[in-house]
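Quick caveat: nothing in here was measured; it's all calculated off a predicted structure. Proteins get letters first, then strands, A, B, ... in listed order; numbering begins at 1 in each.
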2 protein chains.
Amino acid sequence: MYEKNGKSYYCPVEAALDILGGKWKPLILWYLKDGKLRFSEINQIIPVVNSKMLTKQLRELEKDGVIIRTVYPEIPPKVEYQLSELGKSVIPILNALCAWGCDYLGVTELHDSELICEQENS
Amino acid sequence: MYEKNGKSYYCPVEAALDILGGKWKPLILWYLKDGKLRFSEINQIIPVVNSKMLTKQLRELEKDGVIIRTVYPEIPPKVEYQLSELGKSVIPILNALCAWGCDYLGVTELHDSELICEQENS
DNA sequence: CGGTATCCCTTTGGATACTG
DNA sequence: CAGTATCCAAAGGGATACCG
């Protein structure tokens with residue numbers, strides 16, 4: 001039994017999945033790998049998630065120490081999100097999961113915008 | 001957008017997490033890596049999960065093609081579960097997740113029974 | 001701009017009892 | 001032995017409206 005941030009895990013894998021397993025978390029982490037993003041930018045990249053859910057996922061990621069939230073005291077407000085060192089260390093894991101997922105889905109080729117959520121409005 | 005088994009995924013990572021993300025699935029897959037196990041054997045190894053949940057998770061894993069369920073038409077019934085080839089391919093992923101989880105949890109040393117769920121009754 | 005608040009539905013997980 | 005059936009609680013996810 002392992003403890004971290006007030007949560008209990010039977011094994012380290014469970015802890016990893018707890019942190020990465022949110023519906024939008026892999027996507028968020030993936031897009032942050034290239035640098036900082038503002039709240040509205042993330043929301044534009046993943047338009048199917050509403051602001052409440054996005055906020056929740058971002059706060060959990062922040063609480064778990066994988067992203068860093070920076071608030072600029074300006075009007076209008078500006079908030080930037082970026083990966084922490086721990087967050088950067090999950091990118092290889094995401095790549096491994098992506099490779100396995102591609103194998104599972106029978107996808108042989110990945111284009112650059114692989115993880116982009118291009119949801120039509122229709 | 002990817003489709004498989006009637007489910008839709010925005011990215012392969014989401015598909016991977018969908019299959020591995022069940023509360024007991026990583027544990028089940030981990031224990032099956034060394035060979036076949038009967039239903040009751042799995043239930044003994046992971047005593048905190050009840051039979052309904054265990055059945056559900058096993059059926060989902062079977063539906064997703066990562067485990068193979070073999071029923072022996074005997075009295076009393078005998079059912080064995082084993083990893084498929086796809087299932088075997090997730091073991092490295094579990095190891096990667098385990099390593100990352102250990103790093104996250106600050107665990108430096110893994111003992112042999114790492115993933116064993118040793119839940120006391122107290 | 002970057003969120004909260006409220007309400008609500010669905011999914012997940014579980015306790016208990018029962019069965020071929 | 002290997003499950004089902006039933007009922008139920010908690011968590012996850014989401015639509016809409018509002019706020020500093």
Side-chain angles (χ1 to χ4, degrees), chain A residues 5-11 14-15 17-28 31-32 36-64 67-82 117 119 121, chain B residues 5-10 14 17-28 31-32 36-64 67-82 117 119 121:
Chain A
N5 284 343
K7 291 181 278 191
S8 301
Y9 305 106
Y10 295 117
C11 72
E14 188 188 3
L17 289 176
D18 184 45
I19 290 163
L20 305 178
K23 188 163 183 181
W24 307 106
K25 288 180 184 178
L27 239 21
I28 294 169
Y31 288 118
L32 285 176
K36 298 177 178 178
L37 285 177
R38 299 181 61 170
F39 184 88
S40 54
E41 291 173 324
I42 301 174
N43 216 347
Q44 282 163 29
I45 297 171
I46 318 175
V48 292
V49 61
N50 62 33
S51 59
K52 175 192 142 187
M53 276 308 302
L54 185 54
T55 301
K56 191 182 169 221
Q57 307 264 303
L58 287 167
R59 290 296 153 83
E60 288 175 3
L61 288 169
E62 183 193 10
K63 182 159 172 276
D64 290 332
I67 66 172
I68 297 167
R69 179 171 176 264
T70 310
V71 181
Y72 298 88
E74 311 173 351
I75 301 293
K78 177 180 174 183
V79 179
E80 280 185 340
Y81 294 90
Q82 60 184 310
C117 164
Q119 178 89 332
N121 287 331
Chain B
N5 284 343
K7 291 181 278 191
S8 302
Y9 305 105
Y10 295 118
E14 188 188 5
L17 290 176
D18 184 45
I19 289 162
L20 304 177
K23 188 164 182 180
W24 307 106
K25 289 180 184 177
L27 239 20
I28 294 168
Y31 288 119
L32 285 176
K36 298 177 178 178
L37 285 177
R38 299 181 60 169
F39 184 89
S40 56
E41 291 173 324
I42 301 174
N43 217 347
Q44 282 163 30
I45 296 171
I46 317 174
V48 292
V49 61
N50 63 33
S51 59
K52 175 193 143 187
M53 277 308 302
L54 186 54
T55 300
K56 192 181 169 221
Q57 308 264 304
L58 287 168
R59 290 296 153 83
E60 287 175 3
L61 289 169
E62 183 193 10
K63 182 158 172 277
D64 290 332
I67 66 172
I68 297 166
R69 178 170 176 266
T70 310
V71 181
Y72 297 88
E74 312 172 351
I75 300 292
K78 177 179 173 183
V79 178
E80 280 184 340
Y81 295 90
Q82 61 184 311
C117 166
Q119 178 90 330
N121 288 332

Take atom [atom1] of [X] and atom [atom2] of [N], then tell me their distance rounded to the nearest Å.
X	N	atom1	atom2	value
A:Glu74	C:dG2	CD	C1'	13 Å
A:Asn50	C:dT4	CG	P	13 Å
A:Met53	D:dA11	CE	P	15 Å
B:Ile75	C:dT19	CD1	P	17 Å
B:Phe39	D:dA2	CZ	C1'	6 Å
A:Lys36	C:dC1	NZ	C1'	18 Å
B:Lys56	C:dG13	NZ	C1'	7 Å
B:Lys25	C:dT11	NZ	C1'	13 Å

Touch class at under 4.0 angstrom, heavy-atom based, for B:Tyr72 against every strand present: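 The answer is nothing, as B:Tyr72 stays clear of every strand by at least 4.0 Å.
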
Touch class at under 4.0 angstrom, heavy-atom based, for B:Glu41 against every strand present: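 No contact at all - B:Glu41 keeps every heavy atom at 4.0 Å or more from the nucleic acid.
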
Flag the pair [X] / [Y] as yes when at least one side-chain heavy-atom distance between them is below 4.5 Å, and no otherwise.
X	Y	answer
B:Thr70	B:Gln82	yes
A:Leu27	A:Ile45	no
B:Leu54	B:Trp24	no
A:Leu58	A:Phe39	yes

Minimum-distance nucleotide (side-chain atoms of A:Tyr81 versus C:dG3, C:dC1, D:dA2):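 The answer is C:dG3.
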
Minimum-distance nucleotide to A:Ser51 side chain [options: C:dG2, D:dG3, C:dG3]: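 Of the candidates, C:dG3 comes closest.
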
With a 4.0 Å limit, can you tell me whether [X] has a side-chain N or O closer than that to the phosphate oxygens OP1/OP2 of [N]?
X	N	answer
A:Gln57	D:dG12	no
A:Arg59	C:dT4	yes
A:Arg69	C:dG3	yes
B:Ser40	D:dC1	no
B:Arg38	D:dA2	yes

Comparing B:Leu58 and A:Pro77 on DNA chain D - which has the more 5′ nearest nucleotide: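 Between the two, 5'-proximity favours B:Leu58.
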
Pairs flagged by side-chain hydrogen bond (donor to acceptor under 3.5 Å, both in side chains) wherever residues 53-63 of chain A is involved - sequence neighbours left out: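 Non-adjacent pairs meeting side-chain hydrogen bond (donor to acceptor under 3.5 Å, both in side chains): A:Lys25-A:Glu60.
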
Salt bridge (Lys or Arg N to Asp or Glu O under 4.0 Å) against B:Lys78, all qualifying residues, sequence neighbours excluded: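 B:Lys78 satisfies salt bridge (Lys or Arg N to Asp or Glu O under 4.0 Å) with no other residue.
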
Could you pull out the protein-nucleic contacts involving nucleotides 7-9 of chain D (nitrogen or oxygen on both sides, under 3.5 Å)?
none

Side-chain donor/acceptor of B:Glu14 to backbone N/O of B:Tyr10, under 3.5 Å: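 Judged by distance alone, yes, a pair lies under 3.5 Å.
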
Heavy-atom closest pair, residues A:Met53 and A:Asn50: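 Scanning both residues, the minimum pair turns out to be N-OD1, 2.9 Å.
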
